[in-house]
K.L.:
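Take this structure, written in structure tokens, and hold onto it; I'll ask about it next.
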Amino acid sequence: MIKKLRRKFIAISVLSVFLVLFVIMSAINILNYTRVVNDSDKVLNVLAENNGEFPKHQNGFKHRSKSSDWLFDELSPDKSPELPYESRYFTVRLSPEGSVTSVDTGRIAAVDTDTAREYAEELWEKSGSSGFVSNYRYLRFDDCGDTVIIFLDCRSRMDSFRSFLIYSVAVSLAGMVAVAGLVLLLSKMVMKPVQESYEKQKSFITDAGHEIKTPLTIIDADATILEMDCGEDNEWISDIHSQVKRLSALTKDLIYLSRMEEESPRVQMLDFPLSDVIIETAQSFQSLAKVQQKEFIVDVEPMLNLCGDEKAITQLVSILLDNALKYSDQNGTISLKAYSKGRNVCIEVFNTAENVDTSQLGRLFDRFYRADKSRNSQTGGYGIGLSIAKAVAEAHRGRISAASADGKSLTITAVLGR
């Protein structure tokens with residue numbers, strides 16, 4: 001249990017760090033990419049408003065459009081007047097039919113006329129006024145019936161964006177590994193008080209169980225002596241015997257459950273014929289089902305074998321069948337199935353029921369939980385049987401679960417590892 005709790009703690013901590021880093025890095029890189037796109041679009045808008053050129057600068061600005069105001073804003077260090085001389089771009093003009101009428105590659109050395117034509121013809125077939133083609137951001141607009149496409153070289157900006165993306169992912173992964181290592185080292189310290197408390201609880205249950213056995217034995221012996229004096233028909237003495245028997249059974253179950261929930265349960269793992277054990281266990285419930293006028297169906301795959309504790313598996317099957325008999329409706333149906341599933345073995349117990357609260361199925365395996373509290377006096381038990389069944393299944397590298405398809409039946413499935 002402590003190991004599982006520690007693994008969950010580590011998983012939740014690492015997952016939380018991953019989610020936080022993922023959100024932060026995603027936001028930063030999205031903002032970074034958005035800034036690259038916005039700045040490129042602003043440059044392209046300036047070029048589009050000035051017929052594919054930047055505004056001239058001669059003793060002040062000869063022409064400054066609204067879109068070009070941002071370009072020479074002296075208060076913004078990232079909008080330098082040197083930008084027109086740093087930008088590399090080319091322009092292609094196309095006729096209404098889509099044929100290239102002119103190409104201007106005078107402001108870029110990396111693209112020749114043929115390449116510029118290919119880019120323009122490729123974009124002619126696409127919709128949208130702006131976007132990326134290779135490392136170039138483009139803007140398409142109409143001019144006197146023709147279509148003009150301006151391409152702005154964003155190679156350096158995109159390279160910076162990609163480098164930052166790679167570095168941020170690498171740093172985030174390194175941070176996650178570091179956090180995982182720290183959590184792995186410190187989780188043992190964090191779990192230590194819980195482990196000590198859990199060990200004390202188990203020790204208390206075991207020690208108290210052994211201590212209770214002695215007075216129970218004495219009470220039962222004293223009641224037997226009183227029975228010899230007062231006669232066997234004394235209802236008070238019979239009640240003492242009954243309650244001592246119930247309390248002894250509860251003490252035994254608590255001790256057994258405490259042992260089965262240890263980190264390394266003391267069970268003897270030996271190969272045994274599982275099919276024979278299940279059929280033999282089911283036979284003892286046939287008569288009970290017949291007396292209660294309930295249909296009992298047994299379907300066990302032959303030649304099933306299991307490496308485990310035969311006594312523990314017998315107790316598991318008995319608990320599941322006893323639970324099905326107690327909580328099935330009058331004239332109901334109970335079925336027991338056992339079959340192989342891959343490398344595992346499944347034991348499935350089904351019973352019809354008057355009403356199954358599907359929202360409480362996950363609590364069926366909690367200690368002392370009773371699904372039908374109004375029938376305690378009729379059904380007996382303490383709500384600890386399914387807890388023992390769960391502990392047995394987990395001790396055999398398996399799991400146990402409960403399901404109800406329609407709220408009128410209950411199916412408990414134990415999956416055991418071979």
Side-chain angles (χ1 to χ4, degrees), residues 22-56 63-73 76 78-170:
F22 178 78
V23 171
I24 292 175
M25 290 299 102
S26 298
I28 292 175
N29 283 282
I30 289 173
L31 291 173
N32 192 16
Y33 179 79
T34 303
R35 181 182 179 185
V36 170
V37 171
N38 290 339
D39 287 351
S40 301
D41 287 344
K42 289 177 180 178
V43 173
L44 288 170
N45 287 329
V46 171
L47 292 171
E49 289 184 2
N50 293 273
N51 298 318
E53 296 182 355
F54 284 103
K56 303 299 182 181
H63 171 69
R64 289 183 64 173
S65 64
K66 183 177 180 180
S67 298
S68 63
D69 286 345
W70 72 276
L71 191 63
F72 304 103
D73 187 357
S76 302
D78 59 335
K79 301 166 186 174
S80 169
E82 298 297 328
L83 187 61
Y85 307 100
E86 298 172 354
S87 300
R88 295 291 176 262
Y89 59 93
F90 61 96
T91 306
V92 179
R93 180 180 288 270
L94 299 95
S95 67
E97 292 77 21
S99 59
V100 177
T101 58
S102 65
V103 177
D104 182 4
T105 57
R107 295 301 185 99
I108 192 168
V111 177
D112 56 20
T113 301
D114 293 336
T115 305
R117 285 175 175 269
E118 291 177 4
Y119 284 151
E121 291 171 354
E122 178 183 347
L123 293 178
W124 177 258
E125 303 296 333
K126 297 181 180 180
S127 60
S129 60
S130 63
F132 275 100
V133 54
S134 185
N135 287 313
Y136 301 99
R137 181 76 178 174
Y138 67 86
L139 176 65
R140 176 163 51 187
F141 61 95
D142 294 330
D143 182 32
C144 300
D146 292 340
T147 298
V148 179
I149 306 177
I150 303 176
F151 297 84
L152 179 66
D153 186 3
C154 299
R155 188 184 308 273
S156 60
R157 296 176 182 175
M158 293 304 296
D159 287 345
S160 298
F161 165 74
R162 294 188 190 102
S163 298
F164 182 81
L165 176 63
I166 293 172
Y167 290 144
S168 64
V169 171

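We number each residue from 1, following the sequence as shown.
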K.L.:
Does any non-hydrogen side-chain atom of L139 lie less than 4.5 Å from one of N45?
P.N.:
yes
K.L.:
Would you say the side-chain atoms of R140 pair up with the backbone N or O of L123, donor to acceptor, closer than 3.5 Å?
P.N.:
yes
K.L.:
Do W124 and T147 come close enough that some side-chain heavy atom pair is under 4.5 Å?
P.N.:
yes
K.L.:
Might you point out which heavy atoms bring R107 and R88 nearest each other, and give the distance in Å?
P.N.:
O-CD, 3.1 Å
K.L.:
Walk me through whether I28 and L31 qualify under side-chain contact (heavy atoms from CB on, under 4.5 Å).
P.N.:
CA-CA 5 Å; I28 292 175; L31 291 173; 5.9 Å; no
K.L.:
Looking at E121 and R117, is any side-chain nitrogen of the basic one under 4.0 Å from a carboxylate oxygen of the acidic one?
P.N.:
no
K.L.:
With heavy-atom distances below 4.5 Å as the criterion, would you say the side chains of F132 and C154 are in contact?
P.N.:
yes
K.L.:
Please report the closest heavy-atom contact between V43 and S87, naming both atoms and the distance.
P.N.:
CG1-OG, 4.4 Å
K.L.:
Do the non-hydrogen side-chain atoms of L165 and Y33 ever get within less than 4.5 Å of each other?
P.N.:
no
K.L.:
With sequence neighbours excluded, what pairs up with T34 under the side-chain contact (heavy atoms from CB on, under 4.5 Å) test?
P.N.:
I30, N38
K.L.:
Nearest 0.5 Å please: distance from the CZ atom of R93 over to the OG1 atom of T101.
P.N.:
6.0 Å
K.L.:
Taking atom CZ of R162 and atom CG of N135, what is their separation to the nearest 0.5 Å?
P.N.:
5.0 Å
K.L.:
I'd like to know if the side chain of S156 pairs up with that of D159 as donor and acceptor (distance under 3.5 Å, no hydrogens or angles considered).
P.N.:
no
K.L.:
Considering non-hydrogen atoms only, spot the tightest contact between A116 and V92 and give its length.
P.N.:
O-CG2, 3.8 Å
K.L.:
Starting at CE of M25, measure out to CG of N32 and round the result to the nearest 0.5 Å.
P.N.:
11.0 Å
K.L.:
Please confirm whether the backbone N or O of D146 pairs with a side-chain atom of D143, one donor and one acceptor, at under 3.5 Å?
P.N.:
no
K.L.:
So do the side chains of L44 and S130 get within less than 4.5 Å of each other, counting heavy atoms only?
P.N.:
no
K.L.:
List for me each residue that meets side-chain contact (heavy atoms from CB on, under 4.5 Å) alongside S26, sequence neighbours excluded, and say none if there are none.
P.N.:
F22
K.L.:
Looking only at heavy atoms, which two atoms of L152 and S40 are closest? And how far apart?
P.N.:
CD2-O, 3.7 Å
K.L.:
Going by ring-ring contact (aromatic ring centres under 6.0 Å, His included), name the residues that satisfy it together with Y89, two or more places apart in sequence or in a different chain.
P.N.:
F54
K.L.:
Any chance you could measure I149, atom CD1, to E122, atom CD, to the nearest 0.5 Å?
P.N.:
10.0 Å
K.L.:
Would a distance-only check, ignoring hydrogens and angles, find a side-chain to backbone donor-acceptor pair under 3.5 Å from T105 to T113?
P.N.:
no
K.L.:
Can you label the angle between the F151 ring and the Y136 ring as parallel, tilted or perpendicular, going by 30° and 60°?
P.N.:
perpendicular
K.L.:
Are a donor atom and an acceptor atom from the side chains of S99 and E97 found within less than 3.5 Å of each other?
P.N.:
no
K.L.:
Among T91, D104, V46, find the residue that satisfies the side-chain contact (heavy atoms from CB on, under 4.5 Å) test when tested with I150.
P.N.:
T91
K.L.:
Quick one, V169 and I166 - any side-chain contact, counting heavy atoms below 4.5 Å?
P.N.:
no
K.L.:
Report yes if the side chains of F90 and Y119 come closer than 4.5 Å at any heavy-atom pair, otherwise no.
P.N.:
yes
